[in-house]
Amino acid sequence: MTFTEYAPADHPNIPARKIGVLVANLGTPDSPDYWPMRRYLSEFLSDKRVIDYPAWKWQPLLQTVILSKRPFTSGANYRLIWNNEANESPLMTITKQQVAALRERASALWGDRVMVDFCMRYGNPSTPDVVERMVKAGCDRILFFPLYPQYAGATTATANDQFFRALMTQKWQPASRTVPPYFDRPDYIAALAASVERALGGRQPRKLVASYHGMPKRYLMEGDPYHCQCQKTSRLLRERLGWDEGVIDTTFQSVFGTEEWLRPYTVEHVAELAKQGITEIAVISPAFSADCIETLEEIQGEIREAFEHAGGKEFTYIPCLNAEPAHIDVLAAVIAENLAGWI
């Protein structure tokens with residue numbers, strides 16, 4: 001029985017209490033066309049967690065120079081990977097699959113007491129819109145789960161920031177929790193290792209390049225733990241696979257701007273490997289929970305081409321964990337642990 005069943009007739013409706021689980025990912029343009037791409041890139045590149053230059057210095061350059069050209073090039077790259085059947089990016093398609101699987105798990109465990117939904121930090125569905133929907137559905141507690149195994153200010157923190165901003169608009173603000181990074185969980189490392197073994201048929205490559213999304217080196221020096229967590233992910237993966245030191249190289253991709261970023265840069269490193277005579281490599285992306293523009297276009301396009309141009313012969317890309325059952329097991333376990341005391 002809800003409160004409104006015995007409340008005065010003019011009392012606003014109060015739905016039955018629920019717990020919300022809100023999964024978040026980076027985001028995606030609504031279309032690869034110019035204006036949707038420009039809106040998406042403007043939101044993304046205006047985030048002070050991503051580009052922390054003073055607005056007076058950065059915004060004129062962004063709005064007049066960068067956003068007059070970059071939507072065309074980024075849109076062309078998105079068209080190469082776009083899911084035309086569903087008219088959405090692969091990240092959107094995969095996130096929907098992940099959330100559908102998590103809803104099934106939540107329903108089996110907790111019935112209708114837990115509502116699972118997803119949002120994007122940039123683009124749609126927006127975090128404020130989904131928080132609003134959850135509150136209207138009766139969620140008086142929300143577990144916010146950014147799908148980033150490793151913590152970074154430019155990913156996990158900005159997603160949390162947006163969630164907290166959304167809570168600020170609520171008259172009846174739900175209690176909230178955020179999920180910590182899960183880069184060193186044994187079940188996550190085991191799922192990564194199984195994906196490597198499956199993709200490579202159990203054989204050990206001369207080099208497995210673990211390519212993580214990059215960030216300015218300055219962020220590391222200012223205290224961001226991302227670099228260290230990436231290094232530990234690679235080490236734990238190597239140990240789980242039982243490989244010798246030196247088989248897995250940790251590198252960083254998606255460099256933007258003129259300042260120095262975390263090194264080595266993936267695109268340069270794979271070319272150097274080919275020049276050294278290591279002409280067969282595999283590449284994995286442990287920082288991404290779902291395949292996206294950075295893996296489907298950048299790694300399998302620009303980075304593959306750099307390797308082959310330098311003399312590389314065999315380039316194997318190992319897909320992200322996506323909606324694989326082992327990955328859903330990990331995510332469901334993380335959710336269950338972080339709901340402790342609430343359900």
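As the structure is a computational prediction, the values presented were derived from the model and not from experiment. What you see below is based on every heavy atom in this structure, not just the backbone, and it leaves out hydrogens, waters and symmetry mates.
For the residue pair E88/T28, the side-chain donor-acceptor check at 3.5 Å is not satisfied. For the residue pair S74/N77, the side-chain donor-acceptor check at 3.5 Å is not satisfied. Checked by atom type, the side-chain pair Y122/N25 shows no donor-acceptor distance below 3.5 Å. Side-chain contact, E324 with S195: no donor N or O sits under 3.5 Å from an acceptor N or O. No hydrogens or angles considered: nothing links the side chains of Q253 and E302 as a donor-acceptor pair under 3.5 Å.
Heavy atoms only, all atoms of each residue included: M92 and P125 are closest at CE-CD, 4.0 Å. Closest non-hydrogen pair, I19 versus C139, comes out as C-SG, 4.0 Å. Of all heavy-atom pairs between Y219 and V50, the closest is OH-O, 3.0 Å.
Salt bridge status for R49 with D47: absent, with no side-chain N to carboxylate O gap under 4.0 Å. By the 4.0 Å N-to-carboxylate-O rule, R39 lies too far from E43 to be salt-bridged with it. Salt-bridge annotation for R121 and D161: absent, with no side-chain N of the basic residue lying under 4.0 Å from a carboxylate O of the acidic one. A salt bridge does not link K313 to E280: none of the charged nitrogens lies less than 4.0 Å from a carboxylate oxygen. Between D33 and R79 a salt bridge is recorded (basic side-chain N to carboxylate O distance below 4.0 Å). Salt-bridge check for D249 with K207: passed, with a basic side-chain N closer than 4.0 Å to an acidic carboxylate O. Salt bridge K217/E222: absent, no basic N to carboxylate O contact under 4.0 Å. Ion pairing between a basic and an acidic side chain is recognised when a charged N comes within 4.0 Å of a carboxylate O; K171 and E132 show no such pairing. Residues D329 and R105 are paired through a salt bridge, judged by an N-O separation under 4.0 Å between the basic side chain and the carboxylate.
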Task: Derivation and outcome, side chain to side chain donor-acceptor pair (under 3.5 Å), residues E294 and S254 - done: CA-CA 7 Å; E294 288 86 358; S254 308; 5.1 Å; no
TODO: Report the C-alpha distance between R38 and Q63 in whole Å, list the side-chain angles of each, state the deciding distance to 0.1 Å, and finish with yes or no for side-chain contact (heavy atoms from CB on, under 4.5 Å).
DONE: CA-CA 9 Å; R38 182 176 177 122; Q63 299 298 331; 3.7 Å; yes
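Taking the six-membered ring for Trp and thresholds of 30 and 60 degrees, W261 and H213 have ring planes inclined between 30 and 60 degrees apart. Ring geometry for W82 against Y78 counts as perpendicular: the plane angle is over 60°, on a 0 to 90° scale with 30° as the lower cut. Ring-plane geometry between Y226 and Y212 is classed as perpendicular, the angle between the planes exceeding 60 degrees on a 0 to 90 degree scale with a lower cut at 30.
For the ring pair (Phe, Tyr, Trp, His ring centres under 6.0 Å) condition, the pairs that include at least one residue of residues 127-158, sequence neighbours left out, are F144-F163, F145-Y182.
Checking side-chain atoms of H327 against main-chain N and O of N322 turns up a donor-acceptor pair under 3.5 Å. Side-chain N or O atoms of R238 include none that pairs as donor or acceptor with a backbone N or O of R235 at under 3.5 Å.
Crowding of K48 atom NZ: a count of heavy atoms from other residues, nucleotides or ligands under 6.0 Å exceeding 12. The environment of E259 atom CD is dense: over 12 non-hydrogen atoms of other residues, nucleotides or ligands sit within 6.0 angstrom. Heavy atoms of other residues, nucleotides or ligands lying less than 6.0 angstrom from CZ of R240 number 12 at most.
Contact of the L200 side chain with the V196 side chain is registered, since non-hydrogen atoms from C-beta on lie closer than 4.5 Å.
In terms of the side-chain hydrogen bond (donor to acceptor under 3.5 Å, both in side chains) criterion, residue partners of E260 (sequence neighbours excluded) are, by chain and number, R263. Residues satisfying the side-chain contact (heavy atoms from CB on, under 4.5 Å) criterion with S107, sequence neighbours excluded, are absent altogether.
Distance check: L237 CG to D184 CG gives 13.0 Å after rounding to the nearest 0.5 Å.
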